[in-house]
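Both counts, for ligands and for their atoms, begin at 1 and track the order of listing. Throughout, numbering of the chain's residues begins at 1 and tracks the sequence.
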Amino acid sequence: MSPSPKTKVAPELEFGNAWEYAAAPESVKVEIADKYGMFINGAFVAPKSRRYMDSINPANEELLSKIAVANEDDVDRAVAAAKAAFPKWKKLKASERAKYLFRIARRLQERAREFSVLETLDGGKPIKESRDVDIPEAAKHFFYHAGWADKLDYAFPGRKGRPLGVCAQIIPWNFPLLMAAWKIAPALACGNTVVLKPAETTSLTALRLAEIFEEVGLPPGVVNIITGAGETGAALVAHKDVQKVAFTGSTPVGKAIAKQCAGSGKRLTLELGGKSPNIIFEDASLDQAVDGIVQGIFFNQGHVCCAGSRLFVQEGVMQEVLAKLEVRIQSLRVGDPMDKNTDLGAINSLGQLATIKRYIEAGDAEGATRHQSSAKLPKRGYYLPPTWFTGVQPSHTIAREEIFGPVLSVMSFRTPEEAISRANNTPYGLAAGIWTDKGSKIFDIASRLKAGVVWCNTYNRFDAASPFGGFKQSGFGREGGRQGLLSYLELV
Ligand code: NAI
Ligand code: MG
């Protein structure tokens with residue numbers, strides 16, 4: 001058995017209200033074990049595979065810890081634990097299930113600073129984003145779904161919702177803890193049990209969430225966390241006792257999982273990639289729009305499935321928008337993610353850095369014009385300057401494929417009709433943004449964009465009560481809101 005990871009929490013975080021510490025300097029020291037086992041049946045256990053992989057800090061390339069790699073036996077052990085826990089968890093009074101979710105949410109708030117630091121160390125995102133978005137939003141998801149647990153009978157009038165059983169949940173590395181919360185909270189609220197696999201570069205906060213499950217006394221087996229890469233994920237999806245698969249990640253892996261599940265009777269939801277349009281009309285408030293463009297593509301280094309990576313600007317304001325955009329991008333601070341002033345942190349992995357660089361090279365080679373911030377980058381670690389391309393044609397690779405990095409493709413349009421047809425000209429359909437002063441235009445355009453989420457005069461806003469999900473190759477099924485419950489219930 002590998003040692004259960006020890007956490008030393010600053011004493012003031014053990015008791016009291018997390019909000020009181022928001023203004024304090026970032027001084028939390030987070031203890032990270034040398035090695036992590038997996039969380040199965042309520043305890044940390046060593047992998048039967050005996051294999052471990054490195055987890056590094058992408059901001060400085062230093063080793064943070066070693067993480068277990070689950071093989072088929074480990075997967076089997078985790079699924080068996082979830083299966084054994086299901087009948088009791090399902091039968092538990094709904095208000096009791098809710099209490100566990102409330103406790104998890106509360107504990108996440110209390111340990112928020114520790115989780116923020118760990119998220120930033122492991123994944124490279126700016127500490128201000130972990131602190132202000134990832135961790136509080138993860139807690140909100142548990143609060144929100146705690147509220148649903150004993151009200152499911154009212155969610156779908158005339159129907160009864162029954163839990164599905166063991167849910168296999170596979171999540172990506174761009175919002176590690178938040179995606180864990182998006183997956184686990186609704187599954188538990190609806191009475192299911194879970195085996196969750198975080199992404200291989202960012203497993204640490206999910207493993208620490210398991211400590212919270214221990215702290216709040218969640219019954220063993222209700223949530224199991226196994227670690228590993230694609231092979232582990234594939235073994236989990238394939239397991240015969242899994243009733244439901246929920247996946248967030250790349251479109252190719254999503255398609256492979258869909259094939260694997262076809263004919264198996266397993267329920268499936270997929271949240272895949274995107275190439276979302278952000279459309280700026282001449283009548284928009286341009287300063288606000290430029291902020292929205294920057295937020296849309298550079299938030300979390302552009303590692304965002306709904307990133308506004310295709311910018312469409314109406315011709316009459318193109319020059320003005322480009323001028324303002326350049327000033328704004330040049331002011332972005334790129335570098336150490338632990339620095340509270342940093343706007344863009346590290347690219348999540350060496351592999352992702354290489355992928356993004358390949359796309360930038362394709363942009364150059366196919367004839368678009370590259371612009372980059374002159375920000376000075378740290379010598380060690382994986383960094384890229386914020387990048388934008390003008391002179392982009394719809395046929396260019398950088399206008400068609402998901403880059404998942406801080407790279408924006410700028411294009412123009414003349415009429416609203418042209419904006420709509422160009423925006424919809426993509427195999428994806430996850431999100432879109434519209435910037436205009438005219439309310440009527442908002443309603444008209446929004447209703448004609450094929451996208452799961454349409455933001456108007458804002459971008460990248462999320463709420464646990466608001467369903468999220470895609471059309472076309474961006475996947476199917478919704479997460480969040482009342483609609484998100486449907487992914488974890490069978491209606492009878
Ligand atoms: P990926 O889709 O390979 O990884 C996502 C998760 O799936 C990870 O937990 C991974 O271990 C797991 N996985 C990989 N292969 C699997 C398989 N055959 N069966 C089951 N699980 C499997 O994404 P990757 O390689 O990290 O990133 C590649 C590209 O995917 C990115 O450049 C980006 O374009 C896109 N992506 C999109 C995300 C989104 O939120 N829509 C999130 C992450 C990546
Ligand atoms: Mg890492």
Check whether [X] reaches the backbone of [Y] with its side chain - one donor and one acceptor, N or O, closer than 3.5 Å.
X	Y	value
N71	D73	yes
K140	D463	no
S466	A464	no
S65	A33	yes

Enumerated ligand 1 atoms positioned under 4.0 Å from heavy atoms of [X]:
X	value
A229	11 (O)
I171	6 (C), 8 (C), 9 (O)
A234	19 (N), 20 (C)
P172	42 (C), 43 (C)
N174	40 (O)
G233	19 (N), 20 (C), 21 (N)
I170	6 (C), 7 (O), 9 (O), 12 (C), 20 (C), 21 (N)
F247	2 (O), 6 (C), 7 (O)

- Message: Taking N, O or S atoms only and a limit of 2.8 Å, check whether T201 reaches the Mg ion (ligand 2).
- Response: yes

- Message: Would you say the Mg ion (ligand 2) has I56 as a near neighbour, meaning an N/O/S atom of that residue under 2.8 Å away?
- Response: yes

Pick, from [options], the option with the minimum heavy-atom distance to [atom].
atom	options	answer
atom 27 (O) of ligand 1	W173, Y359, F404	W173
atom 17 (C) of ligand 1	G230, C306, G274	G230
atom 10 (C) of ligand 1	E402, K275, E200, Q352	E200

Salt bridge between [X] and [Y], side-chain N to carboxylate O under 4.0 Å?
X	Y	answer
E361	R358	no
K183	E479	yes
D74	K48	no

Report the part of [X] in contact with ligand 1, treating N, CA, C, O as backbone and CB onward as side chain, heavy atoms under 4.0 Å; options are side chain, backbone, both, neither.
X	value
A199	both
E231	neither
I257	side chain

What I want to know is whether [X] and ligand 1 share at least one N or O pair that is separated by under 3.5 angstrom.
X	result
S250	yes
Q260	no
L272	yes

- Task: Start with the C-alpha distance between K29 and E114, add both sets of side-chain angles, then the distance that settles salt bridge (charged side-chain N to carboxylate O under 4.0 Å, His left out), and finish with yes or no.
- Result: CA-CA 7 Å; K29 286 270 174 286; E114 171 202 356; over 6 Å; no

- Query: Which residue owns the protein heavy atom closest to atom 16 (C) of ligand 1, what's the atom, and how far is it?
  - Reply: V253 CG1, 3.4 Å

- In terms of residue, atom name and distance, what is the protein heavy atom nearest to atom 40 (O) of ligand 1? C305 CB, 3.3 Å

- Apply salt bridge (charged side-chain N to carboxylate O under 4.0 Å, His left out) to the pair E211 and R111, showing each step before the final yes or no. CA-CA 11 Å; E211 289 179 22; R111 292 176 65 172; 2.9 Å; yes

Does the side chain of [X] come under 3.5 Å of the side chain of [Y] through a donor N or O and an acceptor N or O?
X	Y	result
E401	Y359	yes
T269	K244	yes
T390	H371	yes
S55	D122	yes

- Query: Angle class for the W455/F462 ring planes (parallel below 30°, perpendicular above 60°, tilted otherwise)?
  - Reply: perpendicular

- Measure from atom 4 (O) of ligand 1 to the protein's non-hydrogen atoms and state whether any distance is below 4.0 Å. no

- Message: Between ligand 1 and A256, can you find any atom pair, the residue atom being a heavy atom, that is separated by under 4.0 Å?
- Response: no

